[in-house]
K.L.:
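Got a structure here, written out as structure tokens. Questions coming.
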Amino acid sequence: MADKLFKPRGTQDFLPPMSDTLELIKAKIADTFRSLGYHLIETPIFEHTELFLRLGEATDIVQKEMYTFKDRKGRSLTLRPEITAPVVRALLEANLHKTSDLKRFYYIGPIFRYEKPQKGRYRQAHQFGIEVLGSSSPFIDFEVISVAMKVYESFGLKDLKVSLNSIGCKVCRPRYREALLEYLSGKVHELCDDCKVRYKRNPLRVLDCKVDRDKLRDAPKPIDYLCDDCRAHFNHLKGLLDKAGVPYEVDHHLVRGLDYYNRTVFEIRANLAGKYLELAGGGRYDYLAQEIGADEEVPGCGFAGGLERLYMILEEAGALPERSVPLVVVLPLSERARENFVAIFRELRPKKVISVAWDLNLRKGLRYANRLGADEVIFFGDRELEKGIAVIRDMKTGDQREIQFRDLKAYLESG
RNA sequence: GUGGGUGUAGCUCAGGUGGUAGAGCAGCGGACUGUGGAUCCGCGAGUCGGGGGUUCAAGUCCCCUCACCCACCCCA
């Protein structure tokens, strides 16, 4: 025990039954994405550090949360702290942006951030999300927000809060930034220490500060400084959301933690034990591709949600998905019965879940099946084999019926 | 990163002012040697997270360390 090894801080082992449930959750998420025309994309767990540095020097994620290391050749690599940049990088690397004008991707996988762990906040967490590349239409923003909502709604979650904002583009954001700086300059001394730094490096993020939030009620709002195009885009999007019945509220202080966003930014939160927990966030990133080295503008829009947080909220809501296929426990009760079942097992291609208890007697086997939550138990010993049958016991009702042993395989393989 | 809390059998936890560990649940066995979930009976040695110190003696005091949790921060 003294030299027993433990998992690194902030990581988790997913064991049954939680791992089973997570599998169901991931499958359901993927179903939603796939059914709306999204394709799976998988990128490396680590990338050249350079890629993530382009996310913005002023962001906390880049500044102090990256798992960066050198490989044996001295190259600086970083465990991905988010997945949007890798997806865009992969798209550019494969020149996909030139072969089609619109690409829809989805992903589910781990991300790494060196943070002080807490519940719902891990050093290795899992995110799922989508990225739509190649269109700057507000209909895409609408689609992304809708798809995000669809994922959560597919689990029956209702009490969701969507916050929306527009932070402009490279034309109008400088104007807003100037106005904000002017407003803040008079009160820098009142701000918290973090904000004093943000004021210099990335003033927009001051808006997001929870400490100083109250002091900033009368701060200039991004939407009041939007250029005509951005204003039109934002209004169009809001109109679409209204038309489609997507509930949202405009949050003038919503900025998001990554610098690559422009125009639309949004967050989805849910009520967990009285507090609003952020489940997902996203927005438009029309300049990111060029930041990464594209020779032309490749507009994009997407969202990312936290898998662990989805699990938490589902657990709280009592809405965790459950196995939908029947579970059948097979009990060969004698040596002869076991040997008779070997060939069947070898050939078996079941649609149900079949769990064979090779070494339990009837009593223990039923108990085992009971604990697993089995729907049926099929048992056969010498007695049954004499008659060429097996017995199917319904674990809910306790009713038993017989089945010809030669039909057993077909029965186990039936839906 | 800052401040605070917790860490005892598989799980949830009890263990005033230090004297070498308990309960409930679960599990296992039996009553029921081929029939589960009920009931009854029996079964618990776990280096009290790890290391060091104080002491005749520490789960109980001190220091260090690790992990989890809460708030802040941040965000998924």
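Order of the sequence lines fixes the chain letters, A, B, ..., with proteins taken first and strands second; residue numbering starts at 1 for each chain.
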K.L.:
Check every strand shown and say whether A/R309 touches a base, only sugar-phosphate, or nothing at a heavy-atom separation below 4.0 Å.
P.N.:
base
K.L.:
Expressed as a whole number of Å, how far does the P atom of B/C28 sit from that of B/G15?
P.N.:
30 Å
K.L.:
How is A/Y122 classified with respect to the nucleic acid when contacts are heavy atoms under 4.0 Å: base, sugar-phosphate, or nothing?
P.N.:
base
K.L.:
What interatomic distance, in whole Å, is found between P of B/A14 and the corresponding atom of B/C73?
P.N.:
31 Å
K.L.:
Give a yes/no answer on whether the side chain of A/R121 brings an N or O atom under 4.0 Å of OP1 or OP2 in B/C73.
P.N.:
no
K.L.:
So A/D60, base contact, sugar-phosphate only, or nothing? Heavy-atom distance under 4.0 Å.
P.N.:
sugar-phosphate
K.L.:
Flag this pair as yes if the NZ/CZ of A/K352 is under 6.0 angstrom from the six-membered ring centre of A/Y411 and inside a 45 degree cone about the axis; otherwise no.
P.N.:
yes
K.L.:
For A/K116, answer base if it contacts any base atom (sugar-phosphate contacts may also be present), sugar-phosphate if it contacts only those atoms, and nothing otherwise; contact means non-hydrogen atoms under 4.0 Å.
P.N.:
base
K.L.:
If I pick the P atom on B/G51 and the same atom on B/C56, what distance separates them, to the nearest angstrom?
P.N.:
23 Å
K.L.:
Which base sits across from B/U6 as a Watson-Crick or G-U pair, both distances under 3.5 Å?
P.N.:
B/A67
K.L.:
How do A/P117 and A/L333 order along RNA chain B: which one's closest nucleotide is nearer the 5' end?
P.N.:
A/L333
K.L.:
Say we look at B/U54 and B/U60: how far apart would their C1' atoms be, to the nearest angstrom?
P.N.:
14 Å
K.L.:
Checking all strands, does A/A369 fall into the base, sugar-phosphate, or nothing category for heavy-atom contacts under 4.0 angstrom?
P.N.:
nothing
K.L.:
Under 4.0 angstrom, heavy atoms only, what part of the nucleic acid is A/F379 near: base, sugar-phosphate, or nothing?
P.N.:
base
K.L.:
In the structure shown, which nucleotide is the Watson-Crick or G-U wobble counterpart of B/C48, with both distances under 3.5 Å?
P.N.:
none
K.L.:
Please state whether the base of B/U35 and the side chain of A/R393 form at least one donor-acceptor pair under 3.5 Å?
P.N.:
yes
K.L.:
Using OP1 and OP2 only, check whether a side-chain N or O of A/K64 sits under 4.0 Å from B/C73.
P.N.:
no
K.L.:
Under 4.0 Å, heavy atoms only, any strand: does A/L279 hit a base, just the sugar-phosphate, or nothing?
P.N.:
sugar-phosphate
K.L.:
Between B/G19 and B/C48, how far apart are the C1' atoms? Round to whole Å, please.
P.N.:
16 Å
K.L.:
Would you kindly check if the NZ (Lys) or CZ (Arg) of A/R393 is within the cone defined by 45 degrees around the ring axis of A/F379 and under 6.0 Å from the six-membered ring centre?
P.N.:
no
K.L.:
Can a donor-acceptor pair under 3.5 Å be found between the side-chain atoms of A/E267 and the base atoms of B/A76?
P.N.:
no
K.L.:
Have a look at A/G10 and say if it touches a base, only the backbone sugar-phosphate, or nothing, with a 4.0 Å heavy-atom cut-off.
P.N.:
sugar-phosphate
K.L.:
Indicate, with a heavy-atom threshold strictly under 4.0 Å, whether A/K364 touches base, sugar-phosphate, or nothing.
P.N.:
sugar-phosphate
K.L.:
Would A/K28 pass as a cation-pi partner of A/F155, given that its NZ or CZ must be under 6.0 Å from the six-membered ring centre and within 45 degrees of the axis?
P.N.:
yes
K.L.:
Does B/C43 have a Watson-Crick or wobble mate here (both distances under 3.5 Å), and if so which one?
P.N.:
B/G27
K.L.:
Considering Watson-Crick and G-U wobble pairs with both distances under 3.5 Å, what does B/U55 pair with?
P.N.:
none
K.L.:
P atom, B/A21 versus B/G46: distance in rounded Å?
P.N.:
13 Å
K.L.:
If you check the A/I61 side chain, which of B/G36, B/C75, B/A71 turns out closest?
P.N.:
B/C75
K.L.:
Charged N to carboxylate O under 4.0 angstrom, A/K387 versus A/E402?
P.N.:
yes
K.L.:
With a 4.0 Å cutoff (strictly under), does any side-chain N or O of A/R256 reach OP1 or OP2 of B/A76?
P.N.:
yes
K.L.:
Step through the shown structure and confirm whether more than 12 heavy atoms of other residues, nucleotides or ligands are within 6.0 Å of OH on A/Y114.
P.N.:
no
K.L.:
With sugar-phosphate meaning primed atoms plus P, OP1 and OP2, does A/A374 contact a base, only sugar-phosphate, or nothing at under 4.0 Å between heavy atoms?
P.N.:
nothing
K.L.:
Does A/Q118 put a side-chain nitrogen or oxygen below 4.0 Å from OP1 or OP2 of B/C68?
P.N.:
no
K.L.:
When you measure from the side chain of A/N370, which nucleotide among B/G37, B/C75, B/G34 comes out closest?
P.N.:
B/G37
K.L.:
Would you kindly compare A/G381 and A/E278 by the position of their nearest RNA chain B nucleotide and give the one closer to the 5′ end?
P.N.:
A/G381
K.L.:
Under a 4.0 Å threshold between the charged nitrogen and the carboxylate oxygen, would A/E131 count as salt-bridged to A/R89?
P.N.:
no
K.L.:
For A/Q124, answer base if it contacts any base atom (sugar-phosphate contacts may also be present), sugar-phosphate if it contacts only those atoms, and nothing otherwise; contact means non-hydrogen atoms under 4.0 Å.
P.N.:
nothing
K.L.:
Using the C1' atoms only, state how far B/G4 lies from B/C25, rounded to an integer number of Å.
P.N.:
32 Å
K.L.:
Could you measure between the two P atoms, the one in B/U65 and the one in B/G1, and give it in whole Å?
P.N.:
13 Å
K.L.:
Touch check for A/G120, heavy atoms < 4.0 angstrom, all strands: base, sugar-phosphate only, or nothing?
P.N.:
base
K.L.:
What about A/Y106 and A/F33, are their ring centers closer than 6.0 Å?
P.N.:
yes
K.L.:
On the 0 to 90° scale, with breaks at 30° and 60°, tag the A/F405-A/F380 ring pair as parallel, tilted or perpendicular.
P.N.:
perpendicular
K.L.:
Less than 4.0 angstrom between a side-chain N/O of A/R9 and OP1 or OP2 of B/C68, yes or no?
P.N.:
yes
K.L.:
Scan every strand shown for a Watson-Crick or G-U wobble partner of B/C72, both distances under 3.5 Å, and answer none if you come up empty.
P.N.:
B/G1
K.L.:
Could you check whether the side chain of A/E65 and the base of B/G1 have a donor-acceptor pair of N or O atoms closer than 3.5 Å, going by distance alone?
P.N.:
no
K.L.:
Under 4.0 Å, heavy atoms only, any strand: does A/G365 hit a base, just the sugar-phosphate, or nothing?
P.N.:
nothing
